[in-house]
Amino acid sequence: MVETLTIKDQIRKLIELQKLDGEIYTFKRDLREKPQNLAKLKEEFESKKVNLKAHEDQYKSLQLTHKALEGDMKSFDDNIAKANSQLSVLKTNKEYTAKLTEIENIKADKSLVEEKIINSYDAMDAAKAAIEKEKVVVAEEEKKYVAEKKVIEDSIKVLEDKARVLEVQRAAIAPLVPKISLGRYERVLQHTDGLAIVPVNNGVCAGCYMNVPAQVANQIKMNKELVFCETCARIIYLEEDL
Ligand SMILES: [Zn+2]
C-alpha cells in the first residue's frame, strides 16, 4: 500500500511529518540550551558568595593577628616578672634605677599592645557582624537560585514530555512514507535546521528565499518525483498543486 502512494500523497505526509519535526527540532534545541542556563545560574549564585568569603577570610586573618598580639603580651609579662625578680639582687642604686626604667619601658610597650588587642576585638566583632549580615544576603540569593533552578528543571521535564509525545506521533506517520522518500527527507532535515520541506511562494523557495527557476517549478507540477531547491536542497512543493 505504501509503495502506491502518489508523489502528492507523499508530499502531504511529509508536510505532516515536517510539522512534527519542526516542533521536535525546536524542543531539542531548547533542551540543549537548558544545561548551559543551569550552569550560568549556578555561576551567578556562586559569585554572590564572594563578599561572604572575603569577610570570612578577613575574620581569619584578624584572629591570627589577635593570637600573635596575645603571644606578645605573654612575653611582656614574662619579661616584667623576670625584671622584677632581678630587682632584689641588684647592688647599686644606679642598677636599681636602670632596672626600674627597663620595667617601665616594657610596661609602656605592653600597654601599646593592649590597645591593639582592644582594637582587634572591635575589628573581629565588626567582621563577625559583616559575616552574619552577608549570610542573610546569601541565604536570600540561595532561595532565588533554588527557585529559578526549579523553573528550568521543570521546563526540561515539560520539553522532554512534549518531544516524547511528538516522537510517538511521528512514529505513526513516518512508516506511511516510502522508504526512499523518507530517507531523502530525513537527510535534508539533518542539514537544514529542522526544515526539510517548504512551499514555493510566488516563485520563491520558502526555505532560502531564492527564486525557483520556471523549469524546476514545471518539474514539481509533473508530480513524478520529489523536487529539491537548487539553492538550499530542501524538498519544494506548490501549495496550489496539492
Ligand atoms: Zn531553497
Side-chain angles (χ1 to χ4, degrees), residues 1-44 147-242:
M1 178 204 161
V2 161
E3 300 308 323
T4 60
L5 273 192
T6 64
I7 284 295
K8 275 191 189 183
D9 285 335
Q10 291 185 31
I11 287 175
R12 287 189 191 105
K13 287 282 170 235
L14 288 177
I15 292 170
E16 276 183 61
L17 266 188
Q18 176 63 74
K19 274 184 196 152
L20 299 171
D21 282 333
E23 283 191 79
I24 291 171
Y25 178 85
T26 309
F27 290 153
K28 288 197 169 163
R29 189 197 53 206
D30 290 350
L31 274 171
R32 276 196 301 275
E33 286 170 2
K34 297 293 173 185
Q36 294 159 26
N37 296 347
L38 282 174
K40 192 165 169 264
L41 201 63
K42 185 164 196 306
E43 200 180 301
E44 279 170 6
E148 284 173 34
K149 188 166 162 251
K150 189 171 182 310
V151 169
I152 296 179
E153 284 166 347
D154 287 349
S155 74
I156 290 175
K157 275 186 209 132
V158 170
L159 285 172
E160 281 172 345
D161 285 348
K162 282 185 178 170
R164 216 172 290 134
V165 169
L166 291 172
E167 296 276 9
V168 171
Q169 292 177 7
R170 185 189 199 280
I173 300 173
L176 304 176
V177 183
K179 274 204 176 88
I180 293 177
S181 298
L182 183 65
R184 284 180 171 167
Y185 163 82
E186 286 177 339
R187 269 196 300 282
V188 177
L189 194 66
Q190 279 176 6
H191 297 110
T192 51
D193 291 339
L195 184 60
I197 181 164
V198 291
V200 175
N201 298 325
N202 300 319
V204 170
C205 163
C208 64
Y209 303 104
M210 297 302 283
N211 280 321
V212 173
Q215 168 204 344
V216 176
N218 284 333
Q219 231 180 314
I220 302 175
K221 281 177 192 158
M222 286 164 76
N223 287 309
K224 279 194 175 163
E225 57 189 353
L226 293 179
V227 178
F228 300 86
C229 170
E230 290 177 336
T231 310
C232 69
R234 289 183 173 95
I235 301 166
I236 43 178
Y237 63 93
L238 296 166
E239 242 157 356
E240 62 270 26
D241 209 27
L242 289 179

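A quick note: this is a predicted structure, and the numbers were derived from the prediction, not measured. In listed order, ligands and their atoms are each counted from 1.
- Protein atoms that are N, O or S and lie under 2.8 Å from the Zn ion (ligand 1) are these: Cys205 SG, Cys208 SG, Cys229 SG, Cys232 SG.
- Of all the heavy atoms in Cys208 and Thr231, the pair that sits closest is SG-CB, 3.8 Å.
- Listed for the Thr192 side chain is a donor-acceptor partner under 3.5 Å among the backbone atoms of Val188.
- A salt bridge links Asp21 with Arg170: at least one charged nitrogen is closer than 4.0 Å to a carboxylate oxygen.
- Shown here are the side chain to side chain contact (heavy atoms under 4.5 Å, CB included) partners of Leu195, two or more places apart in sequence or in another chain: Gln18, Val198, Arg234.
- No more than 12 heavy atoms of other residues, nucleotides or ligands lie within 6.0 Å of NZ in Lys19, so this atom counts as exposed by the packing criterion.
- Remark: Glu33 CD is packed, more than 12 non-hydrogen atoms of other residues, nucleotides or ligands lying under 6.0 Å away.
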